[in-house]
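Before anything else, here's the structure in question.
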Amino acid sequence: MTALDTERLGRRAEAMLEELAAISEEPDRLTRRFLTPEHKRAAHLVGQWMAEAGMETAEDALGTVCGHYAKEGETPGANVVPRLLIGSHIDTVINAGKYDGMLGVVAGILTVEHFRDAGRRFPFAVDVLAFGDEEGVRFPTVLSSSAALAGRFEERWLAGADRDGVTLEEAMRGYGLDPAAIPTAAMRKDEALAYVEIHIEQGPVLEHDDQPLGVVTSIAGQNRTRVTVSGMAGHAGTVPMPLRQDALLAASEMMLAAEAIARTHPEAAMVATVGQTKVMPGAINVIPDRVEFVLDLRAASDPPRLAALREFVTRSEALAAARGCAVAFDTYHDCPTAPCAPWVADGLAESLTSLGLPAPRLVSGAGHDGQSIAHLTDFAMLFVRCRGGISHNPLESATVEDMGLAVAALIRFVEQFDPQRRA
Ligand code: HGY
Ligand code: MN
Ligand code: MN
């Protein structure tokens, strides 16, 4: 095995991430939502890097950029080509960090570039994938582009609209995509050997344990529930407090109920978050008559999470009734806990060992495209330590050293990858 210059790999990664981070919808912070012109610019840049690294590039019906590094002896247009999938996402949250998602795509590109420079091919192809809708912050969908690759795109998602009323279908057409072609994005199950993703941990465990890298055991399940609370608009100066049907106060009590429920389940690593609300009519001197918010609920296993959601609904209905309000729930995203395939995770652990590194195992509280790809093939993930465990925040950061080790581990993983190990 050739010695790997992890410092150089880490510096390359950092420079590429810096270049991607400059492509933002907003001048003074990083925001790059699915199917925006900025997504297209980032996709184009990533496609260029893939081509420069020796890959054939294509864009699928959902805008996923795919770099294909042919297997040894592969003939163009071959029917069934077994392939190892490496990927992550290039969309971001609002005011994001520059590592979440993009690091996994850059690591895949640098890995293939290493083999191209070494003139190395394998008995399997390597596809590097840059998904465009992992975060799910523009449309009421989550993981839609990886879902399409796994043949799990749902037609009803096309009608979902963003904050400006633009539907996913309209945005696809504006981006130059044809919704009718979505089924063509599905990869054949007999071609996908496994999927691996490098990602920052987005939590404090590796830093706390002073470990640069860690192997993920499973991805926590999550659901997103839109809660709509309806009350009665009224004059802020004339309606006595006991006579109000204040939708915002009812909604506020529901959010606190969600927090209380999550706090009673530390054993399930349960977390409840409300990051997005809409208060109407939104005038300072009008009692709010309608509030929409989305509850993001997660836990390390599914039964307590689903029970907690039921408890939240029951308590919210009582809180609404007590204030003469109505409440409705729409759980538009429910993604079960996704276990990583032991044979793939063990391969990642062995690659760490081959670098003389420990291979700690940890759960992912954050969601990832692997939860979709699990319906297509076995998957596993490698986490990279991030400073203070901070993520979804411009303070998010990983060191050049740790990123270099992650790319080196991915290179070793590919070198040692043996699809026969599949159970
Ligand atoms: O929300 C998540 O867990 C991921 O960052 N999309
Ligand atoms: Mn991510
Ligand atoms: Mn994220």
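Side-chain atoms are counted along with the backbone in the values below, which use heavy atoms only and exclude waters and symmetry mates. Counting convention: from 1, in listed order, for ligands and their atoms alike.
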Answer yes if the ring centres of Phe417 and Trp343 are under 6.0 angstrom apart, and no otherwise. yes
Of the backbone and side-chain N, O or S atoms of His199, does one lie nearer to the Mn ion (ligand 2) than 2.8 Å? yes
Heavy-atom distances under 4.0 Å decide this one: backbone, side chain, both or neither, for His368 against ligand 1? neither
State whether the shortest distance between N or O atoms of Asp296 and N or O atoms of ligand 1 falls below 3.5 angstrom. no
Taking the cut-offs as 6.0 angstrom to the six-membered ring centre and 45 degrees off its axis, would you call Lys278 and Phe293 a cation-pi pair? no
Would a line drawn from the ring center of Tyr99 to the ring center of His199 be shorter than 6.0 Å? no
Should Arg224 and Asp334 count as an ion pair when the cut-off is N to O under 4.0 Å? no
Short check: any N/O/S atom of His89 below 2.8 Å from the Mn ion (ligand 3)? no
Would His68 and Glu74 count as a side chain to side chain donor-acceptor pair (under 3.5 Å) if you check the C-alpha gap in whole Å, the side-chain angles of each, and the deciding distance to 0.1 Å? CA-CA 11 Å; His68 180 77; Glu74 181 176 329; 2.7 Å; yes
To the nearest 10 degrees, calculate the angle at the Mn ion (ligand 3) involving OD2 of Asp100 and NE2 of His392. 90°
For the Mn ion (ligand 3), find the closest N/O/S atom belonging to Glu135 and write down its atom name. OE2
How far apart are the C-alpha atoms of Thr141 and Asp133, what are their side-chain angles, what is the distance that settles it, and do they pass the side chain to side chain donor-acceptor pair (under 3.5 Å) test? CA-CA 8 Å; Thr141 54; Asp133 184 31; 2.9 Å; yes
Carboxylate-amine/guanidinium contact Arg387 Asp402, below 4.0 Å: no
Could you list which atoms of ligand 1 come closer than 4.0 Å to a heavy atom of Ala366? 3 (O)
Give yes or no for whether the N/O distance cutoff of 3.5 Å, strictly under, is met between Gly367 and ligand 1. yes
Close aromatic pair by centroid cut-off 6.0 Å: Tyr69 and Phe122: no
Where ligand 1 meets Glu135 - atom numbers and elements under 4.0 angstrom, heavy-atom basis: 4 (C), 5 (O), 6 (N)
May I ask you to check if ligand 1 and Glu134 share an N or O to N or O distance below 3.5 Å? yes
If we number the atoms of ligand 1 from 1 as shown, the ones under 4.0 Å from a heavy atom of His392 are 5 (O)
Compare Arg298, Gln371, Arg224 and give the one whose heavy atom is closest to atom 3 (O) of ligand 1. Arg298
